[in-house]
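Structure record follows, encoded as structure tokens.
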Amino acid sequence: MKSSLNITICVGNSCYSKGSCAVAREFRKLIRENHLRNIAVGASLCMQHGSSEGVSVEIDGNLIGGVTPRNANDVFEKYVLKPAACPSR
């Protein structure tokens, strides 16, 4: 995996009301469960990428909309775990 990775979760009014705190908890849980290091989980006010389906999240420069606690595992796998398996990225 890269030496460090940033996960930024929108906590603007709309995303906050759609569960941004629960999404942050889910990402932190997944980081612990996968024994990963050098991953920072942070917050940002409105990321201008609203979605009626969920929260906006930025992972390593990729802006993802519609993230929920239910699909956070799929997002984590796609943007955190799979790129780590391909170091030529």
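In this chain, residues are counted from 1 in sequence order.
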Are I39 and I64 co-members of a hydrophobic cluster defined by side-chain heavy atoms under 4.5 Å apart?
yes
Contact between F76 and I59 at the side-chain level, heavy atoms closer than 4.5 Å - yes or no?
no
Just how far is it from atom CD of E53 to atom NZ of K18, taken to the nearest 0.5 Å?
8.5 Å
For a quick test of reading the model, state the closest non-hydrogen atom pair linking T68 to G54 and the distance between them.
CG2-CA, 4.1 Å
Which heavy atom of G61 sits nearest to which heavy atom of E58, and what is that distance?
CA-OE2, 3.5 Å
Transitively linked via ILVMFWY side-chain contacts under 4.5 Å: V11 with V55?
no
Hey, quick one: are L63 and L45 part of the same hydrophobic cluster, counting side-chain heavy atoms closer than 4.5 Å, chains of contacts allowed?
no
Write down the atom of F27, the atom of A72, and the distance for their closest heavy-atom approach.
CE2-O, 3.9 Å
Do you know the tightest heavy-atom contact between P69 and A22?
CG-CB, 3.6 Å
Single-linkage hydrophobic cluster, 4.5 Å side-chain cutoff, L30 and Y79 together:
yes
V57/V75 under side-chain contact (heavy atoms from CB on, under 4.5 Å): CA gap, chis, key distance, verdict
CA-CA 10 Å; V57 174; V75 171; 5.6 Å; no
Note, L81 side chain near L36 side chain (heavy atom, < 4.5 Å):
yes
Looking only at atom types and distance, does a side-chain atom of D74 sit under 3.5 Å from a main-chain N or O of N71, one as donor and one as acceptor?
no
What distance separates R37 CZ from S4 OG, expressed to the nearest 0.5 Å?
15.0 Å
